[in-house]
Number of protein chains: 2
Amino acid sequence: MSTYTYDYPRPAVTVDITVFTFHENELKVLLIQRKVDPFAGGWALPGGFVDVDENLDAAALRELAEETNIKNVYLEQLYTFGQPERDPRGRVITVAYFALLSLDEAAKQQVQAGDDAGHADWFNVYDLPQLAFDHHAILGYAVQRLRWKLEWTAVGFFLLPAEFTLTELQQVYQTVLDTSLDKRNFRRKMLAAMSEGVSVLEETGDVRKGDHRPAKLYRFSAKAIELEQVRKRFP
Amino acid sequence: MSTYTYDYPRPAVTVDITVFTFHENELKVLLIQRKVDPFAGGWALPGGFVDVDENLDAAALRELAEETNIKNVYLEQLYTFGQPERDPRGRVITVAYFALLSLDEAAKQQVQAGDDAGHADWFNVYDLPQLAFDHHAILGYAVQRLRWKLEWTAVGFFLLPAEFTLTELQQVYQTVLDTSLDKRNFRRKMLAAMSEGVSVLEETGDVRKGDHRPAKLYRFSAKAIELEQVRKRFP
DNA sequence: CCAAAAGTGTTATGCTTACACCCATGC
DNA sequence: GCATGGGTGTAAGCATAACACTTTTGG
C-alpha cells in the first residue's frame, strides 16, 4: 500500500452528519451501528473521512449515501469539532453537518447500512441510546440549530411530505420546539407568512381524508425556501 | 527532519481569524502582510496551522498572539472552508474564527507582526485591499455574522471601551449595520434592554467631557454578555 | 347521534415607529 | 451668545397573545 508523508503531523478530517426527519409524531435522527472499533457495536452519527480532493459538502453527501443510502437531503454545515481527545484513534477533526429529510423521501429511500456500518436506523431524538465519540454533543448542537431555524425560517418544509395539513405542520413545530402552541394563532401566523410578497403556504385544493372531518392540504410555495429571512431589528 | 506518514493522504488544517475593532468611527479588521509565497507581499487574515494536540480555539488564540501580538479577544468559531482549490499549495482546510477586540484593548496591545508576517495593520472593512486565498469570502461571512450578532445580542460591548457614551454605541451600530438609526428610538431600545431582569446598560455616574455638552458614560452590566438571547417567536 | 378532529374571530396589550425641540457646555 | 452635540416624549399603527365554540365527517 502506498503511503503519504508530511513534514509535520496532520490531523485526520472527517464529516459527521445529523439527519433529521419527522415520522409518527416524533422527531427522528438517523444513526448507524458501528461495525469496527472504536465503539464497535455502538451507535453513531453517519460520517467518514474527507477525500483529499473533495469538497466538505460533497464528502458529507457521499458518506451519507454510502453509509445509509440516503440522497436528496437539505444540507448545511453545522460546526467543526476538534478536541484532541475526541477520537481515541488519534487526532481527528470533524466538520459536523446538519441535514433534513422529508417524510416521503425517507419512505421512498430504503435506509440501509453501507460498508462500514452494521445497521442504520431512525431514533427518537428525545429517546436516544448512548452515542460514540462526542456525537451526543454534536447532536445537541444540531437540535439547537434545528429549533432556531424552524422558528425563523421555513425549514419545516424539509421535514414534511410535499403536501401536508396544518395540524401536521403544527405537530412538527410542537415536537421540535418541545412545547405546545395555540392552534388559532399558529394557523394565522403560518397562513400570513409571506416571502417577498408571496404567501409561504398555498392550498393544494385537495383534502386529506381520515376518520373525521377532512383536512385541507397545503404545500410550501416554491419560492418559500429560505424566505422569511430573519427579521431585522433596526428598520 | 523527522517526517510523518499515513496510509491515506491528509489535508492540512489551519485556522484563520477575522478580528474586528471599532476605531475613529470605522469598523476595522486586522490583516497581516504575508512574507512568504503564496501571495508573498499580499494581505491576508492572520492564521496558521493547527498543532496535532491542540484545540481549535486554542490554535486560533495562539496564532493571533504569535502573528499579531493580540490577546484577550472575544472569539467564536465562524465556519469551515474546505474547497480543494482554495490554497495553491495543496489541500488546506481552514476553520475560520471571528473575534472582537475592544478599542482600549486594541490601544493597549501593540499590534505587531510576528515571525511569518511582515506587517500587521488595521483596515477599514469598507475599504479593503485584495486579500490572499479565499479570505475575502471569509471576511464577508464574518461581517454577516457580526451584523447578525449586533442586532440580536450585546456583542457591541466587545467593540467598545469599558465606558462609552450612547452616541458612541449608536455609531458602532450604524457603522456595522451600514445604516442610520433614529437617536431617540435607539436610546430607548438600548436603555430598555434587559437580560434576566437586569438592565443591560448601567450609568457609570461619570461623564465624558468634550467640546460641548458632556455625555453620560455607560457600561454593560456584567451579566449582559450573551444576554438578550434571540427572542422566541412562539410563546 | 356521537365522537373526534378541523376550522374559525375578537379583544386587549405592548411594541415599534415616526417625528422636533430644548439643554448644557466650550469658546 | 452661539454653535455643537446631548438629551428627551408622544401618538398611531401593528403584531402578539389569550381565549371557546361551531363544523364536518365516519362509524
Side-chain angles (χ1 to χ4, degrees), chain A residues 24-25 150-154 160-161 163-175 177 179-195 197 199-219 227-235, chain B residues 24-25 150-152 160-161 163-175 177 179-195 197 199-219 227-235:
Chain A
E24 292 168 343
N25 259 349
L150 196 68
E151 283 188 297
W152 293 100
T153 73
L160 282 170
E163 305 193 343
F164 51 87
T165 67
L166 286 180
T167 300
E168 287 166 353
L169 184 63
Q170 186 174 349
Q171 278 159 352
V172 169
Y173 275 76
Q174 292 186 154
T175 304
L177 302 178
T179 183
S180 68
L181 300 172
D182 180 88
K183 185 161 60 159
R184 281 168 295 188
N185 290 339
F186 180 83
R187 283 162 183 252
R188 184 179 25 253
K189 188 177 290 194
M190 286 298 150
L191 292 172
M194 302 290 261
S195 173
S199 275
V200 170
L201 291 179
E202 49 190 40
E203 296 189 23
T204 66
D206 229 340
V207 292
R208 164 151 316 153
K209 302 230 177 209
D211 281 349
H212 305 291
R213 176 171 174 174
K216 281 188 195 162
L217 286 169
Y218 292 83
R219 70 171 76 88
L227 56 62
E228 191 166 1
Q229 54 282 63
V230 174
R231 175 167 32 152
K232 293 261 180 280
R233 284 206 87 188
F234 297 94
Chain B
E24 291 168 343
N25 258 351
L150 195 69
E151 283 187 296
W152 293 100
L160 283 170
E163 306 194 343
F164 51 87
T165 67
L166 286 180
T167 301
E168 288 165 353
L169 184 62
Q170 185 174 350
Q171 277 159 352
V172 169
Y173 274 75
Q174 292 184 155
T175 304
L177 301 179
T179 183
S180 69
L181 300 172
D182 179 88
K183 183 162 58 161
R184 280 169 295 186
N185 291 339
F186 181 84
R187 284 163 182 253
R188 181 174 31 246
K189 186 176 294 196
M190 286 296 150
L191 292 172
M194 302 289 265
S195 173
S199 275
V200 170
L201 292 179
E202 47 190 40
E203 295 189 23
T204 66
D206 227 342
V207 294
R208 166 151 314 152
K209 302 229 178 211
D211 282 348
H212 306 291
R213 176 172 174 175
K216 282 187 194 161
L217 286 168
Y218 291 84
R219 70 170 78 88
L227 56 63
E228 193 165 0
Q229 55 281 63
V230 174
R231 175 165 36 150
K232 293 260 179 281
R233 284 205 83 190
F234 297 93

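Here is the naming used below: chain letters follow the sequence lines, and residue numbers restart at 1 for every chain. Being a predicted model, the structure only gives us computed values, none of them experimental.
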Rounded distance in Å - [atom1] ([X]) to [atom2] ([N]):
X        : N      : atom1 : atom2 : result
A/Leu166 : C/dT8  : CG    : C1'   : 12 Å
B/Leu191 : D/dG9  : CG    : C1'   : 14 Å
A/Gln170 : C/dG7  : CD    : P     : 12 Å
B/Glu203 : D/dG7  : CD    : C1'   : 12 Å
A/Phe186 : C/dG7  : CZ    : C1'   : 14 Å
B/Arg187 : C/dA20 : CZ    : P     : 18 Å
A/Leu169 : C/dA5  : CG    : C1'   : 17 Å
A/Met190 : C/dT8  : CE    : P     : 16 Å

So, using side-chain hydrogen bond (donor to acceptor under 3.5 Å, both in side chains) as the criterion, who are the partners of [X] when residues are at least two apart?
X        : result
B/Glu163 : none
A/Arg184 : none
B/Thr167 : B/Arg187
A/Arg208 : A/Glu168

Nearest of D/dG7, C/dA6, D/dA17 to any side-chain atom of B/Ala215?
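Among D/dG7, C/dA6, D/dA17, the one nearest the side chain of B/Ala215 is D/dG7.
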
Closest to the A/Lys216 side chain, choosing from C/dA6, D/dT8, C/dT8:
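That would be C/dT8.
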
Is there a side-chain contact between A/Leu177 and A/Glu151 in this structure, where contact means two heavy atoms from C-beta onward sitting under 4.5 Å apart?
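Counting from C-beta outward, A/Leu177 and A/Glu151 do come under 4.5 Å.
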
Measuring only between side-chain heavy atoms, which start at C-beta, is B/Leu191 closer than 4.5 Å to B/Val200?
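B/Leu191 does not reach B/Val200 side chain to side chain.
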
Could you encode protein contacts along nucleotides 19-27 of chain D as a string, one character per nucleotide from 5' to 3', using B for base contact, S for sugar-phosphate-only contact and - for no contact, with a heavy-atom cut-off of under 4.0 Å?
BB--BBBS-

For A/Lys209, all residues meeting salt bridge (Lys or Arg N to Asp or Glu O under 4.0 Å), sequence neighbours excluded
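Expected list: none.
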
Contact class for B/Thr167 vs. all strands (heavy atom < 4.0 Å): base, sugar-phosphate, or nothing?
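Touches sugar-phosphate only.
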
